[in-house]
Amino acid sequence: MRKILVTGGAGFIGSHVVPALLDRGDCEVTVLDNLSTGRRAYVPAGVSFRLLDIRSRELEDFLAREKFQTVIHLAAQTLVPYSMAHPEADEDLNVAGLVHLLEGCRKSGVEQIIFSSSAAIYGDNQNLPLQETEMPAPTSFYGLSKAMGESYIRLYSQAFGLHHVIFRFANVYGERQGETGEGGVISIFARKIAQQEPVTIFGDGNQTRDFVYAGDIARAMCLAVGYSGCATLNVSTNKEVSLNQLITVLEKVLGHRMDVRYGPVRPGDIYASVLSHKALVETLGMREYTDLETGLAKTMAYFQK
Ligand SMILES: NC(=O)c1ccc[n+]([C@@H]2O[C@H](COP(=O)([O-])OP(=O)(O)OC[C@H]3O[C@@H](n4cnc5c(N)ncnc54)[C@H](O)[C@@H]3O)[C@@H](O)[C@H]2O)c1
């Protein structure tokens with residue numbers, strides 16, 4: 001059995017990753033979470049749970065005792081606007097917190113770290129579809145903290161031999177997504193629809209995103225566990241979908257028309273976004289991706305319950 005720690009495993013993405021790891025059948029999974037945005041109920045029964053902040057002093061002893069082979073690091077400050085209002089708090093968790101974790105990993109002999117980075121590191125680069133070779137040019141402190149985190153991980157690999165897989169997620173959606181997190185347009189729409197309220201699109205609706213289902217993030221993570229090299233990989237559908245197209249697919253899933261309102265463009269919003277997943281296909285062999293209609297059907301079923 002491979003011993004795996006998932007930090008932030010009680011959150012939205014964690015709630016997809018942890019069951020997928022259990023399904024592999026060869027992983028002993030522990031979740032470490034301070035429940036600041038996560039929920040204890042999202043952690044499956046039988047998975048050991050440790051209520052702890054990744055910045056706490058107890059972390060080092062905990063890692064030394066448990067001797068994990070792989071650490072999947074999801075715990076983070078995930079809100080772009082919050083990072084702009086509180087750059088220090090963002091840095092404290094996403095950079096200093098990560099370095100504290102990396103030190104614990106080094107001292108306790110962790111073999112591999114899998115990191116959840118973000119498309120936010122690319123900023124508004126319009127060289128689409130974005131490949132991992134593009135220079136990071138974040139336009140938010142959140143994106144900057146993720147880019148810094150990536151650099152720390154790479155140097156830890158180089159200096160101390162810790163293997164890594166860095167995943168840059170596109171706009172993730174799925175069951176249990178919070179309303180405020182990164183890329184939450186689908187969860188915002190899903191809640192409005194469930195409450196029979198109109199949804200608002202800021203701009204003409206032709207702005208595009210790359211909406212990747214959380215179950216696909218979980219599959220990518222499972223494929224990365226035990227990978228013996230180091231890699232930086234986008235996790236995306238490689239498909240550009242406009243918000244107007246999103247509405248069309250949502251209406252098909254729901255079987256009725258939606259009440260859609262259009263508002264003014266929000267300053268700072270990126271117009272077009274799509275990430276290449278060629279490297280993920282080639283490196284980890286992930287060839288299948290959930291199509292938008294299937295992913296939305298699962299998501300809507302959850303939010304309408
Ligand atoms: N959702 C997206 O579209 C998206 C896109 C790109 C990257 N990411 C990244 O994926 C990861 C998971 O995001 P999510 O959407 O599941 O967010 P989430 O808020 O649902 O999950 C984060 C989890 O981390 C926990 N946590 C926060 N601070 C902690 C701390 N100091 N110590 C221990 N636990 C702590 C929270 O309680 C929560 O369970 C984050 O690193 C995020 O930056 C998410």
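When a ligand or atom number is given, it counts from 1 through the structure's own listing order.
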So that I can tick it off, tell me whether [Y] and [X] are bridged by a salt bridge, with the cut-off set at under 4.0 angstrom between side-chain N and carboxylate O.
X: K3; Y: E66; value: yes
X: D210; Y: K239; value: no
X: K252; Y: E293; value: yes

Do any heavy atoms of [X] fall under 4.0 Å from ligand 1?
X: L93; answer: yes
X: Y42; answer: no
X: S36; answer: yes
X: G178; answer: no
X: A170; answer: yes
X: K146; answer: yes
X: N94; answer: no
X: S117; answer: yes

Subset of ligand 1 atoms that lie under 4.0 Å from at least one heavy atom of [X]:
X: F12; answer: 1 (N), 15 (O), 16 (O), 20 (O)
X: G11; answer: 20 (O), 21 (O), 38 (C), 39 (O)
X: L35; answer: 37 (O)
X: L52; answer: 32 (N), 33 (C)
X: T78; answer: 13 (O), 17 (O), 40 (C), 42 (C), 43 (O)
X: G38; answer: 36 (C), 37 (O), 38 (C), 39 (O)

Close N or O approach ([X], ligand 1; < 3.5 Å):
X: I13; answer: yes
X: V172; answer: yes
X: S116; answer: yes
X: I54; answer: yes

Quiz item: Can you tell me if CD on Q195 sees more than 12 non-hydrogen neighbours from other groups inside 6.0 Å?
Solution: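 More than 12 heavy atoms, drawn from other residues, nucleotides or ligands, come within 6.0 Å of this atom.
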Quiz item: In terms of heavy-atom contacts, does CE of M1 have more than 12 from other residues, nucleotides or ligands at under 6.0 Å?
Solution: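 Atom CE in M1 is packed in, count exceeds 12.
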Check: [Y] main-chain N/O paired with [X] side-chain donor or acceptor under 3.5 Å:
X: D124; Y: I270; answer: no
X: R261; Y: F202; answer: no
X: H163; Y: S228; answer: yes
X: K146; Y: N94; answer: no

Quiz item: Among L101, D92, L74, L98, which residue places a heavy atom closest to atom 40 (C) of ligand 1?
Solution: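 Answer by nearest heavy atom: L74.
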Quiz item: Heavy-atom distance to atom 35 (C) of ligand 1: which of N34, V17, T37 wins?
Solution: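 Among N34, V17, T37, the closest heavy atom to atom 35 (C) of ligand 1 comes from N34.
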Practice problem: Answer side chain, backbone, both or neither: which part of Y142 comes under 4.0 Å from ligand 1, heavy atoms only. | Solution: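 The part of Y142 near ligand 1 is the side chain, not the backbone.
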Quiz item: Can you tell which part of Q77 has a heavy atom less than 4.0 Å from ligand 1: side chain, backbone, both or neither?
Solution: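 Q77 to ligand 1: no contact under 4.0 Å from either part.
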Would the [X] and [Y] ring centres measure less than 6.0 Å apart?
X: F167; Y: F115; value: no
X: F189; Y: F303; value: no
X: H277; Y: Y289; value: yes

Self-check item: V6 reachable from V110 in the ILVMFWY side-chain graph, under 4.5 Å edges
Solution: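 Different clusters: V110 never reaches V6 through Ile, Leu, Val, Met, Phe, Trp or Tyr contacts under 4.5 Å.
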